[in-house]
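I have placed the structure first, in the form of structure tokens, so that the comments after it can refer back to it.
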Number of protein chains: 2
Amino acid sequence: MKPQTDTRARILNAAEKLFYAEGIGRVSVDAVAAAAGVTKRTLYYHFTSKDELIAAYLEARDQPNLARMTAWFVAAEGGVPAKVQAIFDELAKVARHPKWKGCGFLRTTAELAALPGHPAVKVGARHKAGFETWLAEQLDVAGLTPAKLLARQIILLLDGAFSASLTHRDPAYFIAAGQAAATLVACYAPKMK
Amino acid sequence: MKPQTDTRARILNAAEKLFYAEGIGRVSVDAVAAAAGVTKRTLYYHFTSKDELIAAYLEARDQPNLARMTAWFVAAEGGVPAKVQAIFDELAKVARHPKWKGCGFLRTTAELAALPGHPAVKVGARHKAGFETWLAEQLDVAGLTPAKLLARQIILLLDGAFSASLTHRDPAYFIAAGQAAATLVACYAPKMK
DNA sequence: CTATGTATACTGACTAGTGAGTATACATTA
DNA sequence: TAATGTATACTCACTAGTCAGTATACATAG
């Protein structure tokens with residue numbers, strides 16, 4: 001039904017913006033409802049709890065985030081090492097935006113570290129695992145080995161860059177991470193250049 | 001005076017435990033005071049605000065954390081690459097403990113991402129920068145170049161391992177990060193082995 | 001050696017406001 | 001009329017921070 005879909009989408013949209021901007025613990029359900037232009041009761045009609053809303057927020061970002069990464073990868077010129085580095089370079093650009101506040105998945109996981117069974121934590125883990133799997137496939141297809149280990153190490157550099165760039169408010173960490181990723185690829189498979 | 005020091009230390013000790021275990025946003029000042037066995041008013045006698053208490057919590061962890069890292073580095077057998085890898089291996093052990101919940105500095109920075117000027121965020125940035133500087137020196141002394149870039153990339157792997165291990169509740173990410181660090185060192189300076 | 005003054009370290013009760021979540025009722029649409 | 005969606009108006013626990021006052025120690029003045 002249209003009204004439902006529309007209202008639900010507006011709530012989710014407001015939640016995404018506020019949760020990412022302020023952090024899930026610093027945003028009240030009232031604030032989300034107000035930003036969406038609905039009453040709190042309406043929000044609770046569409047989502048049974050704040051925890052569910054938080055999980056839905058991350059779920060909604062899962063595919064778009066992945067799609068953006070793969071788009072950068074596909075669009076980049078050169079071989080796979082260059083394409084991997086392109087992801088870091090693009091993220092460095094994004095991180096320059098004043099509204100950038102790190103990775104929403106990582107930050108939510110950090111906030112909910114005391115609640116490992118929280119639905120949002122599971123969504124976050126699934127998102128990160130999905131990207132690692134996708135990357136391993138790309139490396140494997142390109143003949144870069146060991147694809148799985150390499151993918152994991154690149155993910156580590158990526159998550160580290162999210163954290164360090166946020167800590168120091170300096171996108172240069174993404175550049176250094178991208179260089180490290182390229183170095184690792186080249187080091188394991190020097191022939192591929 | 002002894003009583004003051006003692007009380008202040010008890011409050012700080014309670015804050016460290018609770019803030020790390022639950023996250024700064026999920027722990028009330030009342031809870032810290034209760035855990036320390038003092039009234040809230042007494043807590044506010046020693047700390048002017050919760051924000052100051054949070055900053056003091058990280059400040060108190062700065063030196064001990066650094067000391068633990070350097071101790072692992074010093075105690076490890078072999079050359080600098082092996083010593084670097086030892087830090088990751090030791091962290092993997094620590095991460096197996098059920099009470100382990102990632103890096104307190106990173107988690108606090110993530111929670112306070114909306115407040116870049118927060119005193120605790122500054123303490124976190126200083127802590128991470130301090131470790132990066134220390135590591136660069138160790139690499140430089142050992143003749144491993146480029147020491148600064150290498151140190152930064154190893155820090156990125158470290159922060160990534162904190163994040164990914166927390167996300168997946170799997171210390172294996174520390175092992176993979178340690179291998180990546182060793183690979184990078186070997187790759188830049190293959191002669192050093 | 002007493003009396004008064006003052007700084008330190010602390011307490012219980014409180015305020016003003018916010019938190020998540022809900023009982024009930026009114027509207028729209030199928 | 002029955003289901004769906006939205007609103008007003010609440011509950012009650014909890015939040016950071018404060019008020020006004022107290023016990024103790026240690027000064028210095030008489």
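Within every chain, numbering begins at 1; the chains are lettered A, B, ... in the order of the sequence lines, protein sequences first and strands thereafter.
- Remark: side-chain polar atoms of A:Arg152 are not paired, donor with acceptor, to backbone N or O of A:Ala136 under 3.5 angstrom.
- Less than 4.0 Å separates DNA chain D from at least one heavy atom of each of the following residues of residues 26-41 of chain A: A:Val38, A:Thr39, A:Arg41.
- Taken from CG in A:Leu18 to CG in A:Leu53, the straight-line distance is 10.0 Å, to the nearest 0.5 Å.
- Taking atom CZ of A:Phe47 as the reference point, atom P of C:dT22 lies 16 Å away to the nearest angstrom.
- Between the NE2 atom of A:His46 and the C1' atom of D:dT4 there is a distance of 10 Å, rounded to whole Å.
- With rounding to whole Å, A:Ile24 atom CD1 is found 11 Å from C:dA20 atom P.
- Rounding to whole angstrom units, OH of residue B:Tyr44 and P of C:dA13 are separated by 19 Å.
- OP1 or OP2 of C:dA20 has not a single side-chain nitrogen or oxygen of A:Ser49 nearer than 4.0 Å.
- With rounding to the nearest 0.5 Å, the separation of NZ in B:Lys17 from OH in B:Tyr20 is 14.0 Å.
- Taking a cutoff of 4.0 Å between a charged side-chain nitrogen and a carboxylate oxygen, A:Glu111 and A:Arg26 do not qualify as a salt bridge.
- B:Phe162 and B:Phe174 have their aromatic ring centers within a separation under 6.0 angstrom.
- Spacing between atom CD1 of A:Ile11 and atom C1' of D:dT6 amounts to 10 Å, rounded to whole angstrom units.
- Atoms NZ (A:Lys50) and P (D:dA13) sit 20 Å apart, rounded to a whole Å.
- Close to D:dG5, at under 4.0 Å from its OP1 or OP2, lies a side-chain N or O of A:Tyr45.
- In this structure, the CD atom of B:Glu22 is 12 Å from the P atom of D:dT15, given to the nearest Å.
- Distance CG (B:Asp6) to C1' (C:dT8): 15 Å, rounded to an integer number of Å.
- A cation-pi arrangement, defined by a distance under 6.0 Å to the six-membered ring centre and an angle within 45 degrees of its axis, is absent between B:Arg61 and B:Phe105.
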